[in-house]
Every structure is written in C-alpha cells, then in structure tokens.
Amino acid sequence: MTQGSSGRRLAEVLSQWEPVIGLEVHAQLLTRSKMFCGCRADYAGLPPNSNTCPTCLGLPGALPVANAAAIRMTVRTGLALQSRIPEHSKFDRKNYFYPDLPKGYQISQYDLPLCVGGWLEFDVGGTERAARITRVHLEEDAGKLLHAGEIQRAGFSLVDLNRAGVPLMEVVGEPDLRSPAEARAYLVALRQLLVYLGVNDGNMEEGSLRCDANISLRRPGEESLGVRAEVKNLNSFRILQRALEHEVVRQAALLESGATLTPETRGWSEAEAATVPQRGKEEAEDYRYFPDPDLPPIRCDPDEVAAIRSELPELPRARALRLRQQHNLSFDEARGLTERPGEADHFEQLVAAGAPPATAAAWQLNELAGLCQRAHRSIETSGLDLGQLARLLLLVQRREVSAATAKTVLAQALETGADPVGLVEAGGLRQLSDEGELTDRVDQAIAARPQAARDFLAGNDRALSALVGHVMAATRGRADARRVDELLRERLTREGGG
Amino acid sequence: MPIDGGTVRHVSGLARLGLEDAEVDRAAEQLAVILDAVDHLQAADIRGLDPTLRVGDPGTPCRADQVEPSLPVERALAGASGREANLLRVAAIQ
Amino acid sequence: MSWLLRSLADQARGLRRGEVTSARLVEEALARIAALDPRIGAFVRITATQARAAAEAADRRLAAEGDGAPPVCGIPVGLKDVLCVEGVETCAGSRILQGFVPPYTATAVARLTAAGAVAVGTCNCDEFAMGSSTENSAYQITRNPHQLGRVPGGSSGGSAAAVAAGLVTASLGTDTGGSIRQPAALCGVVGFKPTYGRVSRFGVIAFASSLDQVGPLTRTVEDAALVYSTIAGHDPLDATSSRRPVDDPIAELALGVEGMRLGVPAEYVDGDLDPGVRREFEAACGRLAALGARIETVSLPSTRFALAAYYVIAPAEASSNLARMDGLRFGPGAPTAPSLRAAYEQARHAGFGPEVRRRIMLGTYALSSGYYDAYYRRAQQVRTLVAQDFGRVFERIDAILAPTSPTPAFPLGSRTEDPLAMYQSDVLTVPFSLAGVPAVSLPAGLSEGLPVGLQIATPAFQDARCLRVAAAFERAAGVAAPPALAREPVG
Ligand SMILES: [Mg+2]
Ligand SMILES: [Zn+2]
C-alpha cells in the first residue's frame, strides 16, 4: 500500500504509537421495499424523485410501518456476529434538519438496538483475529444531495429522495483494531459476511456499503484512550487503509509536537491524498433522540429468533475450514474459493459433478477466473455447463488434455456456449501422450535444431525451451509439455553421454 | 425553572424557528412561566416506573416486504418551493 | 324544523323512506353555511362541487341498496382541517401548509366517504390542533353558536360549532388532550374520543402521535356511535392502530346503566369548577343514580401531575412532528432565502403562529441534551403512573364520570395572552388522553345559558360501554336543544 519515505515514516510511527480504531459500517439491506413504506429499496437507475411516496417524502399525516424483512435481516446479521438479541427493542427519532432528511428526523435506534455485543473474526497477515461488535441497529437511509458545482460557491443544492427511507443496518464495532491493515481486514471480513448472509450486496462503489472510522493513538501499553478523530465516508478498502495510515502519521506528528488534540470529524480527500477536516456543524449536535411514537416497540420473540438462527447459512470461515478438510485444499485456496458464496457454491457443484477437487480449485481460482473476468462475467454466471466443465477438468487432471488446450477450448466455450470436451474431440486436441509418438517428435526436434541440442549439452539449460517449443508447435499444442521436457533431457543426455 | 435568552436562542436555533431578538425575551418569559408549572412533575414519585412507550395493544405490527406503487414525480414535487427538472432545488448549505 | 337539526339517525331514516334526498340535505347544509357561517366561522373551505356529486352518488346508492346502505350514506359532514383529503387543500390551520394539497386521504375520512357520507367542507381548528379555543388558526377565528362573543373551545372548534349550528349533521375532529371533548362540551354537542389505536391516524396531520385520535362530533350519542363504527378498525397504514375486532356500539346503546358502578374522581370535583358546571355535573350524577347506577367516589391521585406531563409529552412529540414543515417539499417556503439555514428559519418563522412556536420551543427544550431525563423521560414515567391509577380504579368501576371542562365557553380573547390559563382548559380531559382510554362528552345542561359537558370514560377498548352510559344519560336528559342561532329561518 505505502511506499518510500511515507511507508518508512508509517512503520516508525507504528513502532512508537498504538492506533486504536473502531469502525461504523452502514449496509443497505437487500429488501424489496423501503424500511417504512412500499417504495423500492433498489433505486438504482430510477429517474430522480420517482421512487417516493407520502411516507418517505415526509408529507404531513403519512406514517411509517416497519418492514418485517429488514428486522429479520438485522437479527440474522446479529446472530452471525454472535450478538445477543434482546427481547425488547424500539425505534427512536434522531432529530436534525437537512434537505436529504424529509421528516426532519431519521428513524434510527438509540438505546435499545436489535442486536447487542458479539464479535467478528478475520485474518490479517495470516493470523486469526477477532474484534468485538458493540451493536447492530436498524435505521433509514437519507436521500441524495447533488451539489451544483463547488459546494461552497454554489447558490443551491439539488435533492433526490429516491434513496430516502431505504433500510440501513449499522454495525458498530468496538475500538479493537490496532492498525490500518487490521481495519481493512475487518471490513473485508464484515463485507464478506454480509454478502454471505444475503443481507447486503457488498457494493462499496455504489454506496450500498459505507464505512466511517474512529481512530486515536496511544503509547503501547497505555490503558486509557487518546483523543479520537472520526473519519467519514471511507468507501473502499483502499481508501479506508490509506486514510487511516494518513491519520496515524498526522496524529503522531501533532502529539509529538506537544499539541493537544480535540475530537473532530474528518473526511478523505483523494486530491490531497489526506484526511481533511469536515466543516463543523453550526452548533453542537443535539439530536434529541426519543422513542418514535408512530412505531410501537419491537418484540423479538425468542422462538422467531431461534428460527432465524436455524436458517443461517454456512458462514465463510466455517465453509473455508470444511472445504480444506473435505478436499484437502490449501488455506489460500479454501479462502479464495469462499470469498463469495456464489463462487464457493460453484466449486462445490463442480466437484459434485465429478471434477477432481484439486484441479477444480486451481482452475476456478486461476484460469477460469481470468477467462470469466475477460468475458466480463462472474464465475456463477459464466454460462458453462458444470457437467461439461467437470469432464474437461477430469481430462486435464489425467493429462489427456493439456492446460493450454483446456484454456483455449474454455475460452471458446464461454464465447459460443459449446461443450468444451466436444471441442477437444472435434479438433482432435487430446493431449499427445503416446510415448512412442512423443519420442519420435522429440527426436525430430533434435534433428531439426542441432545447435540448440549442442548448446544444451554445453550447459545452457535455456536452450532446451527452444526444443520444447519446437515439439509443441509441431503438435499444435497437444503434446504434454512436461513430458516433452523430460523426454528431451533423457534423449539428449543419453546421446551426449553415449 | 429560569430560562435565559441564551437558552431560548439555542432552542430556537435547534428548531429553526428564526426568532428575532425582540421575540427572544418575551419567549423566555413565557417559557419560564410554563416550565415553572411543568416543574410540578418533579414532585411525582416515579421510582421504579418505566416510561410509557405505548398505549393500546401489545405486539409488533410490521408490514410484509412488498413493493407498492410510488407517486409519479409530478405529484411528488407538486408542492416544491424550488425545482430543477425532476430534482428539488434548495438553497446552498453553508 | 330543518333536516340538518335532526339527528343523523333521523336523517338516515328519512333518506330510506324517501322523505328527503342526500342532494337536498347537502343543499340545505350549503345554504345554512352560506347564511349562518359568516357569523360563526366554522368552515375554512367549502367543497360544494364535490359534495353535490357525492350526494348524487349517495342517492343512487340509497336507491339501489335501501336499508343495506351504510347508516352514514348521504349524510353531510364536516372534516377538521388536519384530516388530509386527496386533492383538497389541507392546512391544519397553519400558514406553513398554505397550498398543501395531499395526494392521499386520511383513512378515517376514506372510510366515512366510502360509506357514502358527503364531505361539504373543511372545519377550522387551532393551528396544528394546538389550542383550546380555535383562536390559534392562521385563517380565522370560530365563534360559539350559543354566544357569538365566546369561544367554541378547541382545537376542533370548527367541527363542534358546525354541528351545533346545524351546518352539517356530523363532523370529524381530533383529540390529543381534549380537542374533541372540550369543544363538544362548550358547543353543546356530543364528542367522542375513541380508545387510542381504535381509529387510524393515517392522513391525520400529527400534533402528538402517542395521543392523537380521530373521533366524531354529532348531535346525539347514537349518531356518534354510527360515525365511530364507520371509521373504527385496524389500518395497516398505521402501526399504532389496533388489530382487535371493533365491538358494535349500536347494539349496546339501549342496555342502560342499571347495576353499573360509576366512579367520580374526588380530585376532579375538588378542584376549581365553575358553579354552574358543578351544579349540572352533580345533577347528571343524580340522574344516572336514578337510572340504577351506583355512583361512588374514587381517587385518581396522579391526576394532579397529568396536565404537567401532557404539556411536556405533547410539545416534545410536536416539536419533532412539525420538523417536516420546512418549506422545501410543500408549503410556501422561502425560495429566495440566501442560505439553507435562512430558508428554514424564514419559512418556519413566517409559517408558525405564536402558540405553535411556543410549543415547539417547549418540546425542543424538554428533549434537549441535559433536560431529557428531567422532563421528557419523567413525564412518560408520570404517564405510566396516571395509567396505573386508571387501571386500579377500573378494576372495580365500570366507568368514570367527570365534568368535561372546568368552565363553560369563555369570552373570545380572554385567555390568549395567558397560555397557562388556556392550558387549564384541558385539565379534566388530559388524564384520559394520557391513559389512552375512550371518553365521550355530551351535553348536560346549561350554566348561565352556556352548555356544560358531562364526560364519561371507560377502560381501553370498552368504547361501546362508554357510549352505552352516555346513551342512557341522554335518554333520561333528552337531546340538547340547538342554539337559537341554529333555529333562525334560512333562505
Ligand atoms: Mg447511523
Ligand atoms: Zn416511499
């Protein structure tokens, strides 16, 4: 992430100061409708202000009614984070004026959130870590403010309320993270978990997953916390880490100069590659939270909570562990395959269809991933028939089809929808594994390229690749390159020695 | 409970009431009288009592997650005091 | 006698017997409004064209369905200015909502009109239902038809005066701390606040959400029951609306009070009461005793805190409910303001009257950091205490009796400069609001020519019992006579 002198300065600061970081993550829930009205939760691509109704426009007399699915999704998330689900919860009003907030208050949860406590496990630098969760609560998103030109100079702002009222789940973490890299790893793991749970699409670019960070520094071993800054809108993994790294260095410099820090709100400026102060509110924030009288308290029935728990899917870490054990995969492979639930499903379906697990894992993570990316498709939507793909991978494992051939036919299959094994057969592309024929081809190559043979025997190992290349060209890629290499060495050393 | 002009200004600011200076003193006087009457609450013995969160029926009435038709833009923005195409136009945030 | 001075039940019978048509009732209502309302000011808006069309539709329906048509079919009604009606400007008596035309109709109104009732216009009220005299409307004041120099009560003063003067047969009001019952008492009509949650609040411009309830104002108890049963019931658009089935109040009206135990809270009659009010209330208790009820003195000790709790809770909720009045999406706004802050402040300063401003400040203060526990939280705890008082009394008592208002209608302008004196008008109605129980006010005699109200309250969801006690009293005492003004010949 960081290079050069700034990287050295960061390392130096991190050796002398301990960052204390906690994240607040807002996730739009994948419900069909908004939190308190029947407008669509998925507002992407809709014309401005076409996804509103009296309730989310905050018209007088319109009332909110809570979306049961949003409550269930939040409880589901809490359960996956080992949170406690109290029987009694409620919605509160957070009062402030802003044009993207039509009612003049946001319906949120103050002192009785749906989920309390818990923890999130994540990996950083190959070690397992866990950070505590403070709470998970449910609220409503605000509309979007579009500033005409430069915010300071523009005479006006424009408001689109399509997003107003979309269910927003807030996951508040304890300040348990001790480096920008840990913060990043935590967010990666949380995003993955939410996607696994089917409660969020994980799209940080579109803003359906958003992150704020609290950060302060203290000397290692110190118990008390330093003065913290809140850095808002860190909406990619890269920005999160960079902003926190910048903040670590900035705060250390101030503290080392003897300055006294005051709590403040900052944001990330891409242009300045720095965190910058956000313009302070005109008065101290006083949100005047109180229970929303339009929404009766929520009772989470323990039986319903148990039912939600019983429907939890296998979570990413458990799945990775199982795949490792079941298919004898490496840690990295298992983690790679379980990054998204759809990919893990694909892998397991592939194995169920008869693909050898080791080959399936390697191919899905590398060749197939690359081909799909080039075709602008995801692995789950590649369109490849799982049975056909499994048969091809079986041929690869048995070395009846070369890797090069398999890649070529897969690319074609992706494009045309053809059966890749059919392409192998039709093109006579099965790997040349007949030892007699391979030996003939090797001998022909030595005869055709005597200089390369001599160079090799003189000790120039690289000369051999010219000979391998010759064989591969002569067999139109069907030869097993590894076997060709072996045969060439055998023939040449025997001849040279004899 | 005495309430001073500063408090009235703060409260008026939070509520965006835009009280003019001449109105602040009068408001402080009236609020002081009302708060004085309301202070009577402090005499109630409310030890161990939960605040009322609801009257009426128990239970959590929720809606099923179903999409209902939204308003056409023209109706949604019919009363807007400022408008630019299909967007609400508001004075710049300063 | 004008059809409009008869009861809704009588009119309904007349409509079914072919003695009158809805069209004629509506024309009569419009004529009476034209003739009398300039002196009263009950209506802020008349929707004559829509009303005539609705009356014709009602007549067709009556012809087709006869006795099967709903009882309110064809009946001219008035709607308080806080009830949203699709396509009809609705302002809650406030300048800040001038020009606001809701794209939806309040559920209570929708049920009433779906049953064939004909809305002829919008009734004046205190701005955002905040007041007890209807002097806080930004548009006009409303006068008491019994004495034009006096207030009709509030905040549903227009709704009460309209029924009292026979401008409409029935009206809808809203009651937060007494806003149906107190004007009903002061205007000499029946006003019923149902159990909280019994009638949907959807489309009701909110004052205090945990207290607001829609209810009827009518000439008789039976009429109130007819309108109430039309508008009551669960509404999926209001999360606080109850799913319990609605008891049929009509069937119980005739049951009487013999053997019932009726409680008179000592605290309510020990306080300051106008002598005439006290006299008529005692007479009313005597009448009910003569009907076979047992009248007992009960104690509601926390009542003395109720008004203070109400004047914290209601303004606190209002301060938040009224935050949406920002002039951006509806209302006149301040389109030329130089900054957003200025736009908010100009729109809200110009848009809100003094009483609304006062309550927003009070409520904002009660919720603000450092004061929340001492005011809002404590007030809600006191509310629990008040509810416990009622719970205890209702264990052994079937209904509570109380005067509705400590005084009859007071002179216009007499309390406008003294908010506390105005707030005292609600002292006898607020406790029932805090507890969320049903309460009705009905005429119980006169004090120096001005109507006095008897208030009857029952446990939550015993709305039918509440109306049953009221009906028994009304049968014994007779339906109150309309004011002289209402008996003037029209047209
Ligand atoms: Mg939040
Ligand atoms: Zn909506």
Side-chain angles (χ1 to χ4, degrees), chain B residues 1 3 7-8 10-20 23 26-28 30-31 33-57 59-64 71-72 75-83 88-94, chain C residues 99-101 103 195-197 210 236 239-240 242-244 302 305 308-309 311-312 319 323 326-335 337-346 348-349 352 357-358 360-362 364-365 368 374-375 377-385 387 419-420 435-436 460:
Chain B
M1 167 77 56
I3 179 164
T7 308
V8 169
H10 172 67
V11 167
S12 157
L14 279 174
R16 302 290 188 272
L17 288 175
L19 284 201
E20 287 153 17
E23 294 165 325
R26 175 109 180 88
Q30 286 178 332
L31 285 179
V33 171
I34 298 168
L35 286 171
D36 198 46
V38 159
D39 257 351
H40 173 49
L41 276 180
Q42 312 306 326
D45 182 4
I46 43 94
R47 278 173 298 180
L49 285 184
D50 286 329
T52 296
L53 279 181
R54 74 183 312 176
V55 288
D57 274 347
T60 302
C62 289
R63 33 178 288 276
L71 284 175
R75 298 192 79 191
L77 299 183
S81 56
R83 193 172 159 178
L88 271 173
R89 180 189 164 127
V90 303
I93 298 139
Q94 290 191 337
Chain C
F100 171 59
V101 179
T195 300
Y196 182 82
S210 75
T240 62
S242 172
R243 288 168 192 270
R244 293 193 200 197
S302 305
F305 301 117
Y311 275 98
V312 170
S319 72
D326 59 11
L328 301 183
R329 285 147 294 124
F330 49 85
S339 72
L340 180 69
R341 173 95 193 196
Y344 283 138
E345 295 196 333
Q346 285 176 22
R348 288 167 66 82
H349 189 265
F352 290 137
R357 261 189 246 163
R358 192 149 49 228
I360 290 176
M361 278 195 280
L362 185 58
T364 304
Y365 180 78
S368 66
Y375 288 101
R377 189 182 151 83
R378 176 168 275 267
Q380 289 288 24
Q381 287 171 300
V382 167
R383 188 175 186 178
T384 305
L385 201 60
L420 275 191

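Per chain, numbering begins at 1; letters A, B, ... match sequence-line order.
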Minimal non-hydrogen separation, [X] against [Y], with atom names:
| X | Y | result |
| --- | --- | --- |
| B:Pro61 | C:Arg243 | CB-NH2, 3.7 Å |
| C:Ala308 | B:Ala37 | CB-O, 4.3 Å |
| C:Gly331 | B:Ser81 | O-CB, 4.4 Å |
| C:Met361 | B:Ala27 | CE-CB, 3.7 Å |
| B:Leu41 | C:Tyr375 | CD1-O, 4.3 Å |

Against chain B, work out which of C:Leu385, C:Leu328, C:Leu362 has the most heavy-atom pairs shorter than 4.5 Å and name it.
-> C:Leu328
With a 4.5 Å cut-off on heavy-atom pairs, point out which of C:Phe100, C:Tyr311, C:Tyr344, C:Phe305 contacts chain B the most.
-> C:Phe305
Would you say B:Thr52's side chain and C:Thr384's backbone share a donor-acceptor pair under 3.5 angstrom?
-> yes
Does B:Arg16 use its side chain to pair, donor to acceptor, with the backbone of B:Gly13 at less than 3.5 Å?
-> yes
Identified side-chain contact (heavy atoms from CB on, under 4.5 Å) partner of B:Leu31 from the options B:Val11, B:Asp36, B:Ile3 = B:Ile3
Rounded to the nearest 0.5 Å, how far apart are NE2 of C:His349 and CG of B:Leu17?
-> 8.0 Å
Would you mind checking which part of [X] comes under 4.5 Å of any heavy atom in chain C, side chain (CB onward), backbone (N, CA, C, O), both or neither?
| X | value |
| --- | --- |
| B:Gln42 | both |
| B:Arg83 | neither |
| B:Leu19 | both |
| B:Leu77 | neither |
| B:Ala78 | neither |
| B:Glu23 | side chain |
| B:Leu88 | side chain |

Measure [X] against the heavy atoms of chain B and call it side chain, backbone, both or neither at under 4.5 Å.
| X | value |
| --- | --- |
| C:Ala435 | backbone |
| C:Thr195 | neither |
| C:Ala239 | both |
| C:Pro236 | neither |
| C:Ala460 | neither |

Partner chain C: residue of B:Ile34, B:Val90, B:Val8 with the largest heavy-atom pair count (under 4.5 Å) | B:Ile34
List the steps, then state whether side chain to side chain contact (heavy atoms under 4.5 Å, CB included) holds for C:Gln380 with B:Leu53.
-> CA-CA 8 Å; C:Gln380 289 288 24; B:Leu53 279 181; over 6 Å; no
